[in-house]
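In what follows, a structure is listed as structure tokens, so that the remarks can point back to it.
Letters A, B, ... mirror the listed sequences (proteins, then strands); counts begin at 1.
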Amino acid sequence: MGLSNEEVAARLNEIADLLDLLGERFKPEAYRRAARSIESLPEGLARFAERGALRTIPGVGEAIAGKVDELLRTGSLAYLEKLRADIPAGVLELMRLPGVGPKTARRFWTELGIEGTSALAEAIDAGRLEGVKGFAAKKIAQLRAATGRATSGPAPTSARRPIEQVWPIARSILDVLRGVPGVRQVEIAGSFRRAREDVGDLDVLATATAPAAVFDAFSALAAVQEVRLRGPTKETVVLTGGLQVDLRVVEPEAFGAALQYFTGSKDHNVRLRSLAREQGLKVNEYGVYRGEQRIAGATEEDVYGALGLAWIPPELREDRGEIAEAASGRLPRLVEPGDLAEEWHVHLPRDATERDAARLVAEAKRRAIGTVGVVVGVAEGGGWQPQLAAEVLTALQRSRGPGLRLPFAAETRGDPTGLVPADLLSSGAEYLIAVPEPLSSRDAAPPPLPVRLLAHFGGPPEVIGPALDRARAWGAAVEIGPGSDRLDSAAARTARLAGVPLAVPTGLARSPDDPIEAVALGFARRAGASRAEVANARDPGRPPRPAPKVRGPPRSGPPRR
DNA sequence: GCCGTTTTCGGCCCGACTGTTTTCAGTCG
């Protein structure tokens, strides 16, 4: 079993850190860029290596391709082993302390012989830092706090967390800040806006007539554990639970430029700025400049427009060719929130009542969802497990009224091919939702009912590949969204490119505040999916359903004028 | 170490904030 993409990326990042400690200027960033690129690949590196295509990965040139190849073949890398031998592991640890970068870690190591976090703590206690150039009382206190935190567990801010966990936090921050008098615009930028699966921190941007009031409200958020820094335009806090949140208040003329800049990705921005340079322009977080003159900045549309580009949806800003597409008008029209018109996969609780059935129907009508597929039972190995009481099924049918379709579905665990329990066929189910656990790759008899959906699965490319083959053969869609039992955006992209339609869950049977629809829709957009590529979206030509009335971060649609 | 519709060499984003500074270095994003 070879190394995963994540493992290879981790080793490249380690090389970058070690080269940083050696004072290298540009190599570390080159290794990090290659690592970022590899982390976001939609398929395994081994496939690239087989095709001899490692160097087609952005940021991977001759030298890194050779090192990746060595890692894939042997599981280790002589170059990395040499670096590890030269630099004590504890020095890397030091560099990861907040407020300690490569320069400081290197000084600890070479000037003071401090080779780890606990050695640093001892040195501080022994007063060895006093009188050393660059270390005054405040800095030493900061370091003492940092080493204390480090010894009682990993630094809380370092971990990225799933976007669906961060979503409710983001929503409550927006709710509070939008209520502050004088606030005009508030948006969350960063990887959250790009709908990345995992989010490291939140970047909040605002415009306001009285910035101080916004900062005060921000500092006073109930979840704030610590205010890390506060300046005239920027404040950083850490919430209980460790999530770091940055707030910047900018002037309205620069809001679009700031939103663009802080949404990233880094690689997207680097390419955008180099495009600007070719045109004799300069882009920064304040605007697009020709010489001293600002020619754009208030909206993102203006910023991209000033560079001759169409507005690029945040979910596509990963430097995967989107800038060239925006220049030539070839950007896809991504699926939008109002496009979802059907829900194929609803589970009601086992003890659901007629009232639950009525509530589901009412919610579908409120959200203008015209088809709701309810799972009536599970078929597994020739057995049949009903999921809902007969009265509930009757209540569903009775309360639906005109204009709502309520087909029943059966879930099949494992391969549905040749599976014909009599109960399944008499259950009223119209279609199957197949759960690959896994599916056999051989072709056999056709399933007893149409398979519309593959659901409750996710995982690495080698698990997803065979499932996608079966989905395509059956004409089934695959369910995407947050969690380990749905496909993430990289897998969704693979599916889309293989011609397999995507299914976006609407969270119809969940709490109205559940972010599953927004998150899954973000993944679909990240995968580059148009409405036609989402199986449960409305037909082309039909009007969009009215936007559901949910509180929270607006979807990142094109800027309105 | 990577990269190129002005380049196979010479660039590589850049501004805010902090702490220790008398004009700046380091870190961070």
Taking the six-membered ring for Trp, are A:Phe135 and A:Phe108 closer than 6.0 Å centroid to centroid? yes

Determine the interatomic distance between P on B:dC13 and the same-named atom on B:dG4; round to the nearest Å. 14 Å

Measure from CD on A:Glu29 to C1' on B:dG11 and round the result to the nearest Å. 15 Å

Length of the CG-P vector between A:Leu205 and B:dG29, whole Å: 15 Å

Give the minimum heavy-atom separation between A:Ser489 and A:Phe523, together with the two atoms involved. CB-O, 3.6 Å

Side chain of A:Val270 (C-beta onward), nearest among B:dC13, B:dG15, B:dG29: B:dC13

Whole-Å distance, A:Arg230 CZ to B:dT18 P, equals 11 Å

B:dG4, OP1 or OP2 - any side-chain N/O from A:Ser274 closer than 4.0 Å? no

Out of B:dC17, B:dG29, B:dG1, minimum distance to the side chain of A:Leu229 belongs to B:dC17

Send over the distance from A:Arg33 CZ to B:dG1 P, rounded to a whole Å. 16 Å

A:Asp201 side chain: which of B:dG29, B:dG15, B:dT27 is closest? B:dG29

So which nucleotide from B:dG15, B:dG1, B:dT27 ends up closest to the side chain of A:Tyr79? B:dG1

Non-hydrogen side-chain atoms of A:Glu14 and A:Leu92 separated by less than 4.5 Å: yes

A:Lys67 has a side chain; which of B:dG19, B:dA16, B:dG1 sits nearest to it? B:dG1

When you measure from the side chain of A:Glu7 to the backbone of A:Ser4, do you find a donor-acceptor pair of N or O atoms at a distance under 3.5 Å? yes

Picking from B:dC2, B:dG19, B:dC13, which would you name as closest to the side chain of A:Lys266? B:dC13

Donor-acceptor side-chain pairing of A:Asp302 and A:Thr299 below 3.5 angstrom: yes

Taking the side chain of A:Thr233 as its heavy atoms from C-beta onward, which of B:dA16, B:dC2, B:dT20 lies nearest to it? B:dA16

What integer distance in Å separates A:Leu21:CG from B:dT27:P? 10 Å

Which nucleotide in the list B:dG15, B:dG29, B:dC2 gets nearest to the side chain of A:Asp246? B:dG29

Atom pair distance, as rounded to whole Å: CG in A:Leu275 and C1' in B:dT6: 14 Å

Separation of B:dA16 P from A:Leu247 CG (nearest whole Å): 15 Å

Whole angstrom is fine here: how far is it from NZ in A:Lys27 over to C1' in B:dG11? 16 Å

